[in-house]
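Every number for a ligand or one of its atoms is a count from 1 in the order of the listing.
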Amino acid sequence: MCGIVAYIGEREAFPIIMKGLQRLEYRGYDSAGIALLNGDMTVYKKKGKVKELLDFARDKKTSGSIGMGHTRWATHGVPNDVNAHPHLSGDGRLSIIHNGIIENYNSLKAALVKLGHEFTSDTDTEVLIHLIEEAQRHDNLPIEEAVRVALTKVVGAYAIVVLDQDAPDRVVAARKGSPLVIGLGENEFFMASDASPLVEYTKEVIYLNDEEIAVIKRNGDLQIKTIDNKIQSPFIEKIDLKIERLEKGDFDSFMLKEIFEQPRTIQDCMRGRLSSKEGWVKVGGLEQVVDRVSAAQRFIIAACGTSWHAGLIGEYLFEELARIPVEVEYASELRYRNPIINETDVIIALSQSGETADTLAALETAKEKKALIYGVVNVVGSSIARVTDSGSYIHAGPEIGVASTKAFTGQVTLLTLMAIHLGYSKGTIPRSYYLQLLEELEQIPHKIEKILAKDKQIEAIASEIKDATNALYLGRGYNFPVALEGALKLKEISYIHAEGYPAAEMKHGPIALIDENMPVIVIATNKSAYEKIFSNVQEVKARKGKVIAIVSEGDKEIKAIADYCIEIPDTDEPLTPLLSVIPLQLLSYHIAIMRGCNVDQPRNLAKSVTVE
Ligand code: M6R
């Protein structure tokens, strides 16, 4: 859950690494550090954002054409200068950056202390560099061999880069469970947690596999070995990522840019996958396994956070349109119980990053039980994308704001395509409805544009409720997961406590919270349950709650009693979440900005959670 970046070549490493760290800052931002080999091992570390490190190092020695940097999301040890990476060996000749967790660090540390090692930080990572130092010293090993030997003793997850002052012609990198990509340039190499720091230098990359170690030399040699010492042939892939996608452009934040990108990202997700005119829908990955998927006894959707909310919408879609029973599981729960999963089940893993540790582990559990594993992922080449039997990318492009927005609508779009495809091929929806859904789906980007045009109105509503300390989100049917998602968005970026509920559940408890200070955001677009939601709104009003209603264009009844209304275009009910979530994203965005919060990097969070 940290970001790592490294460089070896002919240029000055410092600016490349600092820029790379800024690109990776979404992965963690409580402290940052850099190590440069320039005759000495020069290390600078600073609590806070990458900018603090940059300011600190600006007037210091930053020369060197080998170096590495780290931006941290703390697991072991509070965020401070000492716990920031890189960490040094006892003699200061070796340094390491690490993303992951060394789970057995306590026992390793105790053994190393007995051997005379002294530690300065509270981190698990410092133990690993001492372990490497011990292996190197004990058998007089070259650094790459010392790293290999040390890693055989480690339990946990890691993506690491190691520098050795006495081997200034090489960098050693390794991974297990945390991502690491190597970029191949002209007489230069880059290493990073994802491809974003590399794209302006190269399009050729190697994704390191679990338990592989790469030794990269300045003379252009690149060797990859497994931890059990088998030489591997590197597999070079081309990446297709444009730099503009990694920048804010004219927007004040990545989150706002990503909210406004949704008409295009949904279009990208649908491109080549449907034509209402010609009456077809096809989802590449699904076609490869369509027989097994159509015959599935059950789908299990495994995900975390916002992706889990998208999964809940998937449950409604698959059950209604394709009549396939679905269970939606928090990946963290699925992995630690003894779930009943069998060969006739299909596990759909939903993940923006494709690196979420709990989701990955849940897939391993399902794999052991021989279920078919299908991935719905955004980040191309990510770990989840690589372990699944088949899958589909949502093509939302890099999502950098920590709060997921365009990935959510991308996931829901993809699940909708799958459900329509399966429903039609299984005969559970008639052709007329099938064609209607396809036509409607093609209209969604345009309808989202109409909602985005209401940004000023939504901002004005935000200013009315920005000082609330609690908020309730209510929705029914397809809009219940949207209520959960709206509440999560508000919580994570504005730090207002918010809960999402099925509207009818309100009277079973949450109604006790309602008074004149409680904003209640009601998503009331459902055609099938309109009267019921209308009653729920009345129940809130009777208790003086402040109602902000998301309604369909032309609504009269709820509009007459709600305090504020945001009208959104009408659509078929299964497609509603793609529209109703947009005003909720904007509402939380504006509230957070009005409260002075950093929407792209909310406190305590990180974009991809690669630890348990
Ligand atoms: O990368 P993933 O989709 O697997 O991430 C899952 C969650 O960590 C993520 O959705 C998180 O809840 C977001 N911060 C929500 O905005």
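Using cut-offs of 30° and 60° on the angle between ring planes, the pair H85 and H70 is parallel. Ring pair F299/F318 is perpendicular by interplanar angle, where above 60° counts as perpendicular and below 30° as parallel.
Between the side chains of N99 and S193, no donor-acceptor pair is found at a separation under 3.5 Å. Defined by atom type and a distance below 3.5 Å, a donor-acceptor pair is present between the side-chain atoms of N470 and H497.
In terms of protein heavy atoms, atom 9 (C) of ligand 1 is closest to T306 N, 4.0 Å. With hydrogens left out, the protein atom closest to atom 7 (C) of ligand 1 is C304 O, 3.7 Å, a heavy atom. Of the protein's non-hydrogen atoms, the one nearest atom 8 (O) of ligand 1 is V609 CG2, 4.0 Å. Counting protein heavy atoms only, atom 1 (O) of ligand 1 is closest to S353 OG, 2.6 Å. At the shortest separation from atom 16 (O) of ligand 1 among protein heavy atoms lies E492 OE2, 2.4 Å. Of all protein heavy atoms, the one lying nearest to atom 4 (O) of ligand 1 is T356 OG1, 2.4 Å.
Close approach to S404 involves these atoms of ligand 1, each under 4.0 Å from a residue heavy atom: 15 (C), 16 (O). With ligand atoms numbered from 1 in the order given, ligand 1 contributes 15 (C), 16 (O) to contacts under 4.0 Å with heavy atoms of K489. Within ligand 1, the atoms closer than 4.0 Å to a non-hydrogen atom of A403 are 16 (O), numbered from 1 in the order shown. If you number the atoms of ligand 1 from 1 as listed, the ones under 4.0 Å from a heavy atom of V402 come out as 13 (C), 14 (N), 16 (O). Listed by number with element, the atoms of ligand 1 under 4.0 angstrom from any heavy atom of S351 are 1 (O), 2 (P), 3 (O), 4 (O). Interface of S307 with ligand 1, defined as ligand atoms under 4.0 Å from a residue heavy atom, comprises 2 (P), 3 (O), 10 (O).
Using a 4.5 Å cut-off on side-chain heavy atoms (C-beta onward), L372 and K370 make no contact. Considering only heavy atoms from C-beta on, I566 comes within 4.5 Å of I461 through its side chain.
Under the side-chain contact (heavy atoms from CB on, under 4.5 Å) criterion, K450 pairs with H446, E553, P569, sequence neighbours left out. T359 is linked by a side-chain contact (heavy atoms from CB on, under 4.5 Å) to C304, A331, A349, T356, I384, counting only residues two or more places apart in sequence or in another chain.
Residue K607 does not touch ligand 1, judged by heavy-atom distances below 4.0 Å. Counting heavy atoms under 4.0 Å from ligand 1, residue E355 does not touch it at all.
Ligand 1 has no N or O atom lying under 3.5 Å from any N or O atom of Q411, backbone or side chain.
In summary, the aromatic rings of W73 and Y29 are positioned with their centroids too far apart to meet the 6.0 Å limit. Taking the six-membered ring for Trp, H309 and F408 have ring centres at least 6.0 Å apart.
Residue contacts with ligand 1: L605 is excluded, as none of its non-hydrogen atoms falls under 4.0 Å.
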